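One structure is given here, and the rest of the page talks about it.
Chain A is the first sequence line, chain B the second, and so forth, proteins listed ahead of strands; every chain is numbered from 1. Just so we're clear, the structure is a prediction, and the values are computed from it rather than from any experiment.
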Protein chains: 2
Amino acid sequence: MTDLSIGEISRQSRVKVPTIRYYEQIGLLPAPPRSEGNRRLYGARDLRRLSFIRHARDLGFEIDAIRTLLTLQDNPNQPCAEADGIARDKLAEVDARIESLMALKEELEAMVGGCGHRCVGECRVIEVLADHHKCLHAEH
Amino acid sequence: MTDLSIGEISRQSRVKVPTIRYYEQIGLLPAPPRSEGNRRLYGARDLRRLSFIRHARDLGFEIDAIRTLLTLQDNPNQPCAEADGIARDKLAEVDARIESLMALKEELEAMVGGCGHRCVGECRVIEVLADHHKCLHAEH
DNA sequence: GCTGCATCCTCTAGTCACTAGAGGAGCAAG
DNA sequence: CTTGCTCCTCTAGTGACTAGAGGATGCAGC
């Protein structure tokens, strides 16, 4: 098991060095052994764990959810309903975010399209923001 | 011009009381005059400005962008290319966010669908997070 | 052995846009 | 006069990092 420096594991996992130290600080990644010169020495297990974390963060999972997922991963004989639940919750959240962004997109398109670059006094962008009734979607 | 208390303007603008004080602190909303008992007294102008801010925040504009938009609104004889530019930037950002969320949605759906609630050892959710090659979208 | 440079260490403080809470004062109704 | 609501200021906390100071270590070339 070749030892990896923090810089090396950072390149391989594509997680920045200060972020790795931060993960150690909050207890997401175990504190690794140190070299004689006090440098962190990581192994293959750490690289897998860090990749797992990065991947989950990319997918929008919060640190707390990842903590649960990692505990689950460490005990593979438990039923996985909890992991499934976390993913399902995330999916619902993502669906909602997409929907509201689609509404926002329409609104912004109406703003941008309607303005002929004359002067602020007649600008659609400002107008729509100032007067809620000009919105396409009144619910917000 | 009837004076509004901070609670009243909060209800009418649907911006929370501490948030209004925060906006005053960062100079987004001018400090209003005070009553004899040192309470803030707002007018119709403040309500309009606050509604503008809330609306823009709802649409995902950052405080700094809103600051620019407000300055623009205060001088209505300027050309509005800048306001239009801010909205266009926001639109591009929203488009990108929607796209990445759609990819994420697919990924999560594959996770959630593939797991029959047996045990963590065979859970799709954990597997996909641990092993990047099981992803639908390899680019992240 | 020495120099120079990259990498590493710890620690503190800053980011964004609020939110929470302490501790106290004002105000209107009963 | 008391109760309960709203208001005041101030400080500190949130999440997930990021930036920077100030110093130690490690290694390649001369």
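The nucleotide whose nearest atom lies closest to any side-chain atom of A/Thr19 is, among C/dT19, D/dC17, C/dT10, D/dC17. With C/dA17, C/dC9, D/dT18 as the choices, the nucleotide that has an atom nearest any side-chain atom of A/Tyr22 turns out to be D/dT18. For B/Lys16, the side-chain atoms get nearest to C/dT19 when compared with the rest of C/dT19, D/dC8, D/dT18. If you check C/dT10, D/dT18, D/dC7 against the side chain of A/Pro18, the one that comes closest is D/dT18. Checking C/dA17, D/dC8, D/dT18 against every side-chain atom of B/Ile63, the shortest atom distance belongs to C/dA17.
In summary, of the residues considered (A/Leu47, A/Leu50, A/Ile20, A/Asp3), a side chain to side chain contact (heavy atoms under 4.5 Å, CB included) with A/Tyr42 occurs for A/Ile20 alone.
Under the 3.5 Å distance criterion, the side-chain polar atoms of B/Arg49 are left unmatched by any main-chain donor or acceptor of B/Leu29.
When all heavy atoms of B/Gly7 and B/Val17 are compared, the closest pair comes out as CA-CG2, 4.2 Å. Between B/Arg67 and B/Ile26 the shortest heavy-atom distance is NH1-O, 3.0 Å.
If you measure from atom CG of B/Leu4 to atom P of D/dT6, you get 16 Å, rounded to the nearest angstrom. For A/Arg40 and C/dC9, the CZ to C1' distance is 7 Å, given to the nearest whole Å. The separation between B/Arg11 atom CZ and D/dC5 atom P is 13 Å, rounded to whole Å. The separation between A/Ile6 atom CD1 and D/dG26 atom C1' is 16 Å, rounded to whole Å. Between B/Ile20 atom CD1 and D/dT9 atom P there is a gap of 13 Å when expressed in whole angstrom units. Between the OH atom of B/Tyr42 and the C1' atom of D/dC8 there is a distance of 12 Å, given to the nearest Å. Atoms CG (A/Asp3) and P (C/dC8) sit 14 Å apart, rounded to a whole Å. In this structure, the CG atom of A/Leu41 is 13 Å from the C1' atom of C/dC9, given to the nearest Å.
The base of D/dT9 has none of its N or O atoms less than 3.5 Å from a complementary donor or acceptor on the side chain of B/Arg21.
Checking B/Phe61 against B/Gly37, the closest nucleotide of DNA chain C that is more toward the 5' end is the one next to B/Phe61.
Under 4.0 angstrom from either OP1 or OP2 of C/dT7 there lies no side-chain N or O belonging to A/Ser5. Residue A/Tyr23 has a polar side-chain atom (N or O) positioned under 4.0 Å from OP1 or OP2 of D/dC17. The shortest distance between the side-chain N/O atoms of B/Arg39 and the OP1/OP2 oxygens of D/dT9 is not below 4.0 Å. In this structure, A/Ser35 does not reach the D/dT25 phosphate: none of its side-chain N or O atoms is under 4.0 Å from OP1 or OP2.
Remark: B/Glu99 CD is loosely packed, at most 12 non-hydrogen atoms of other residues, nucleotides or ligands lying under 6.0 Å away.
Counting any heavy atom pair closer than 4.0 Å across all strands shown, B/Ile26 reaches no nucleic acid atom.
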